[in-house]
Amino acid sequence: MRSDVKDKIEKTLKKIIKDFKKDVDFVVLPSEKEEFGDFYTNISFKLADKENPPQKLAEIIKQKISSDLKGIIKKIETKNGFINFFIDEDIYRENILKIFQNGKEYLKENIGNGKKILIEFVSANPTGPLTIAHGRQAAYGESLSRILKFSNFDVTKEYYINDAGRQMELLGESLKARYYQLKGIEYEIPEDGYFGDYLIDIAKKIKEVKDDKNFFIEFAFNEILQDIKKDLKSFGVSFDNWVKESEFIKNKEVENVLNILKNKNLIYEKEGSLWFKTTVFGDDKDRVVVKKDKTYTYLATDIAYHKYKIERNFEVIINIVGPDHHGYIPRLKASVTSLGFNPNNFIVLIVQLTTLYRGKEKLRMSTRKGQFITLRQLIDEIGADATKFFFLFRKIDSHLDFDIEVAKKQSSENPVYYLQYAYVRLKHVIEFAKEKGYEFEGEQFQIDLLNNEEEIELMKRIWKFNEIINNVVKTYGVHLLAEYLLDISKLFHSYYQKYRIVGDEKELTYARLVLIKSLLVVFELSLNLLNISLPERM
RNA sequence: GCGCCUGUAGCUCAAUAGGAUAGAGCAUCUGCCUUCUAAGCAGAGGGUUGCGCGUUCAAGUCGCGCCAGGCGCACCA
């Protein structure tokens, strides 16, 4: 496996670094260019001083290590002070043979060691349909969860429902207004209420108004939540838990946690309200938890929610949020820290906004005013896979521009189809081979017949898979996997065009089929991790 | 005013802990279907990485200062 080889190089270098009586940090990284081999290290730069320039040290180090890495490294070269390692190609061949034999299990690496992680994401308020911003968070959160799970983290996906407070009342009032308006009775939507047309559709579903002051709230809430769940489902996103804010009020957990903080001297009264001393933990100012009217702020219930997260013994708590919640992070950090959780294991990932365009027109979004393109509309217009891929192959920090016109027009040129097409071709080649009588049972494969430039390049890329997954886990950069797959697709399409896989030479055909089959494993797995579907044909 | 994010090819974006000559796709131009799917392939052009200083053997990447855009800065959620 790739990471094993890298480890070996690192260990060997660490061993010889002792001879230099200097403790320095160095890296072993994949080379960017063919001529620099598969890995390079900058160790000689780190060890260099006036008497010993990097070029000289590189030579010395090279002499010291070459015998240690026999069987793995074909040759070592020094250039400009760097040391470049060229992997023995048999390593690649062995790798694809293992994948061919064991499938995706062979690609699994135990990075997480069963560590319990909670990932809370989307958590859109049940006051309207999911927007494109939620879509990006949903696509990202789902894929990240899948990758972490594959790497042996014990992942729990959670959605927090804000079903308490003033926003819900406004929602109820807005629905009530729409209901009476439909009856021809004049009734105004509150000024800061919800003006979206979706409430008209929901109002139409009301057959009978029950005599309950919460009737409209509950009706709207249930309808909207149901829609949210439906949209997520058609987007391939699922959750293990749905946690309701209102529960923490009902079961007195908010009261309870505020008492705990009171006992820690972190709560005080001022101007008729209760304040949480978040400044103790680095926030700009203290925050209100109980308002003058004696109701809780959002923060109060959120502290209770995070206590609930901590109680379930998660080692790492990840919150995926939009940039509008950025100012809120110090408060949350203060909350978990005050409850005894290590703030370094509390990770807030901010997914930047997507700006929608229709041609040149920039679309401004506002849930309350009812002006927005919903995730549903986007899925209907562009397709779930294409929409997801648009989100996934950019890193979350980028503020991305999404032109609906372009996405629609180019739907068949969207990169996602390029990947899927490669997958379909791979599958088809294997089917075709079977029709021609190529069965895999009991064969001895001469995989050293895989020796042209393209084949070695493809095998190298397959060998790189683990490194990509490692990087995704380390940086939470799901886009790295999407890019990897795009890259490998390109190589495959090119290879497919240039060489005949199922040909007349039996041994060569078998060797190539091993390559194709291992590629298929990588594709199936990667597309699954990205939550993109595997078409049968295109 | 303060905080976070962003600024890279005409457009949309990459570039692992700072590494060697900054890469893809789209768009543009030129070629390729009698053989495993042309939603494909081969080739070409396209750059002062917003600007300036600094740190370093080495800066798109780190630090400081500007400029531009996005999002926040509630007893809303």
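Below, chains carry the letters A, B, ... as their sequence lines are ordered, and counting in each starts from 1.
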* Given the P atoms of B:G19 and B:C62, what is the spacing between them in whole Å? -> 11 Å
* Structure fact -> Per the 3.5 Å Watson-Crick/G-U criterion and a run length of at least three, the stems involving RNA chain B are B:1-7 with B:67-73, B:10-13 with B:23-26, B:28-32 with B:40-44, B:50-54 with B:62-66
* Respond yes when some side-chain nitrogen or oxygen of A:T127 is under 4.0 Å from OP1 or OP2 of B:A77, and no when none is. => no
* Please collect all side-chain hydrogen bond (donor to acceptor under 3.5 Å, both in side chains) contacts where either partner lies in residues 279-289 of chain A, sequence neighbours excluded, each pair once. => A:Y268-A:D286, A:T278-A:D283, A:T279-A:D286, A:D283-A:R287
* Considering just the side-chain nitrogens and oxygens of A:K490, establish if one lies under 4.0 Å of OP1 or OP2 belonging to B:C41. => no
* Looking at A:Y418, does any N or O in its side chain come under 4.0 Å of the phosphate oxygens OP1/OP2 on B:C41? -> yes
* Where along nucleotides 67-75 of chain B does protein come under 4.0 Å, by heavy atom, of base (B) or sugar-phosphate alone (S), with - for untouched nucleotides? -> --BBSS-SB
* Spacing of A:R166 atom CZ relative to B:A77 atom C1', expressed in whole Å -> 11 Å
* So which one's nearest nucleotide on RNA chain B is more toward 5', A:D163 or A:F402? -> A:F402
* To do: Write down the distance separating the C1' atoms in B:U35 and B:G40, rounded off to the nearest Å.
  => 16 Å
* **Interatomic distance at C1', B:C41 relative to B:C36, whole Å** => 15 Å
* Asked: Got a sec, which residues hit salt bridge (charged side-chain N to carboxylate O under 4.0 Å, His left out) with A:D385, two or more places apart in sequence or on another chain?
  -> none
* Apply ring pair (Phe, Tyr, Trp, His ring centres under 6.0 Å) to A:Y418 and list each qualifying residue two or more places apart in sequence or on a separate chain. => A:H493
* To do: Identify, residue by residue, the members of residues 389-398 of chain A with a heavy atom below 4.0 Å from RNA chain B, and return them in order of residue number, or none.
  => A:R394, A:K395, A:D397, A:S398
* Asked: Any idea if B:A17 is syn or anti, going by the 90°-from-0 cut?
  -> syn
* To do: Calculate the interatomic distance between A:Y496 atom OH and B:G40 atom C1'; express it in whole Å.
  => 9 Å
* To do: Would you mind calling B:C57 syn or anti? Take O4'-C1'-N9-C4 for purines or O4'-C1'-N1-C2 for pyrimidines, and syn is within 90° of 0.
  => anti
* Select from A:L400 and A:S31 the residue whose nearest nucleotide in RNA chain B is closer to the 5' end of that strand. => A:L400
